[in-house]
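In what follows, a single structure is set out as structure tokens and then discussed.
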Amino acid sequence: MDSEAVLLLETVNFAAEKHRNQRRKDPEGTPYINHPIGVARILSYEGGVTDIEVLQAALLHDTVEDTDTTSEELEAKFGPIVAQIVQEVTDDKRLPKQERKRLQVEHAPCCSRQAKLVKLADKLYNLRDLNAHVPVGWSAERVQEYFVWAAEVVKGLKGTNLALEEKLEKLFKQRGLQL
Ligand SMILES: Nc1nc2c(ncn2[C@@H]2O[C@H](COP(=O)(O)OP(=O)(O)O)[C@@H](OP(=O)(O)OP(=O)(O)O)[C@H]2O)c(=O)[nH]1
Ligand SMILES: [Mn+2]
């Protein structure tokens, strides 16, 4: 087998073990790992991305933020570039939520191109998920606020991947928002 395929299976297995006890916020409690796998798949299948480190970072993108995984652990197992991309898309959970959200808008334009790709696909997945079902406990207003905020983040990611940006733009338009 191709060495990149081996690497991707190693990566998806690592992410699955780390997220094994987590569920999405949808009423069915979908396994959390569906999200990182879907983000990597958006990059590959819809974005035409072939950069293996970006696809690995997509699979791992929520491990440091949402599990006991450390950046050092990722670096030792997957190398400094993958660890760096994941670090760039990791929110500091010690900060209040509003501050975290503000920092995403502020930092988006300064991210590396590789991190911008992961962020575009992450937002596309989450916005589609919101259109498919409202997370448990969320009001319609909270859903709309997420779209408004995501549009601000995506503005700072423009000029990275046209296919993904066009798909995001359509979703924002449906909500009366422009990029
Ligand atoms: N739309 C949706 N999102 C869900 C669901 N289950 C879990 N999530 C996660 O919830 C996060 C968005 O919810 P918020 O309330 O805004 O953020 P928080 O969980 O970090 O506090 C996303 O985190 P993230 O991927 O780290 O992205 P980001 O929003 O922080 O950029 C998303 O992946 C679901 O069923 N639908
Ligand atoms: Mn995510």
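These numbers were taken from a predicted model, which means no experiment stands behind them.
To the nearest 0.5 Å, the span separating CG on Asn13 from CG on Leu59 amounts to 11.0 Å. Rounded to the nearest 0.5 Å, atoms CG (Leu117) and CG (Leu164) are 7.5 Å apart. Rounded to the nearest 0.5 angstrom, Ser3 OG and Leu8 CG are separated by 9.5 Å. Atom CG of Leu124 sits about 12.0 Å away from atom CD of Glu166, to the nearest 0.5 Å. Within the model, atoms CH2 of Trp138 and CD of Glu145 stand 9.5 Å from one another, a figure rounded to the nearest 0.5 Å. Atom OG1 of residue Thr63 and atom CD1 of residue Ile33 lie 9.5 Å apart, to the nearest 0.5 angstrom.
The closest donor-acceptor contact from the side chain of Asp91 to the backbone of Arg100 lies at 3.5 Å or more, if one exists at all. Of the possible polar contacts, one joining the Glu165 side chain to the Asn161 backbone as a donor-acceptor pair under 3.5 Å is found. In this structure, Glu73 contributes its side chain and Thr70 its backbone to a donor-acceptor pair below 3.5 Å.
Using a 4.5 Å heavy-atom cutoff, the side chains of Gln56 and Ile85 are not in contact. You'll find the side chain of Gln84 stays beyond 4.5 Å of the side chain of Gln114, heavy atoms only. The shortest distance between side-chain heavy atoms of Val86 and Phe78 does not fall below 4.5 Å. No side-chain heavy atom of Asp26 sits under 4.5 Å from any side-chain heavy atom of Asp129. Two residues are said to be in side-chain contact when any heavy atoms from C-beta on lie closer than 4.5 Å; His35 and Val39 meet this criterion. Taking 4.5 Å as the limit, some side-chain heavy atom of Val143 sits within range of a side-chain heavy atom of Arg175. In this structure the side chain of Glu4 never reaches within 4.5 angstrom of the side chain of Leu55, judged on heavy atoms. A 4.5 Å side-chain heavy-atom check between Asp122 and His61 finds at least one atom pair inside the cut-off.
With salt bridges taken as basic N to acidic carboxylate O contacts below 4.0 Å, one links Lys155 and Glu152. With respect to the salt-bridge test (charged N to carboxylate O, under 4.0 angstrom), the residues Arg128 and Glu46 qualify. Using a 4.0 Å cut-off between charged side-chain N and carboxylate O, Arg94 and Asp92 make a salt bridge. Using a 4.0 Å cut-off between charged nitrogen and carboxylate oxygen, Glu88 and Lys119 do not count as a salt-bridge pair.
Nearest approach of Thr67 to Thr69, heavy atoms of both residues: OG1-OG1, 2.7 Å. Of all non-hydrogen atoms in Ala151 and Leu179, the two that sit nearest each other are O-CD2, 3.6 Å. Of all non-hydrogen atoms in Ala150 and Lys123, the two that sit nearest each other are CB-CD, 4.1 Å. Residues Ala40 and Ala58 come closest through the heavy atom pair CA-CB, 3.8 Å.
Residues Leu162 and Leu120 do not share a hydrophobic cluster, clusters being chains of Ile/Leu/Val/Met/Phe/Trp/Tyr side chains in contact below 4.5 Å. In terms of hydrophobic clustering, with Ile, Leu, Val, Met, Phe, Trp and Tyr side chains grouped at heavy-atom distances under 4.5 Å, Tyr146 and Leu171 are assigned to a common cluster. Linking Ile, Leu, Val, Met, Phe, Trp and Tyr whenever their side-chain heavy atoms come within less than 4.5 Å puts Leu168 and Leu43 in one cluster. Residue Val134 is grouped with residue Val148 when hydrophobic side chains (ILVMFWY) are merged at heavy-atom distances under 4.5 angstrom, including chains of intermediate members. By the rule that hydrophobic residues join a cluster once side-chain heavy atoms approach within less than 4.5 Å of another member, Ile81 and Val6 end up as members of one cluster.
The number of heavy atoms from other shown groups lying within 6.0 Å of NZ (Lys93) is above 12.
With a 6.0 Å cutoff to the six-membered ring centre and a 45° limit on the axis angle, Arg23 does not count as a cation-pi contact of Tyr32.
With Lys18 as the fixed residue, the side-chain hydrogen bond (donor to acceptor under 3.5 Å, both in side chains) test singles out one of Asp66, Asp62, Asp68: Asp68.
For Glu106, the salt bridge (charged side-chain N to carboxylate O under 4.0 Å, His left out) partners are Arg102, not counting sequence neighbours.
Aromatic ring pairs are classed by plane angle as parallel below 30°, tilted from 30° to 60° and perpendicular above 60°; the pair Phe172 and Phe147 is perpendicular.
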*For Tyr125 and Arg41, run side chain to side chain contact (heavy atoms under 4.5 Å, CB included): C-alpha distance rounded to whole Å, both residues' side-chain angles, the deciding distance at 0.1 Å, then the answer.*
CA-CA 10 Å; Tyr125 185 105; Arg41 194 260 186 182; over 6 Å; no
*Take Leu74 and Val82 through the side chain to side chain contact (heavy atoms under 4.5 Å, CB included) test and state the conclusion after the steps.*
CA-CA 7 Å; Leu74 293 186; Val82 171; 5.6 Å; no
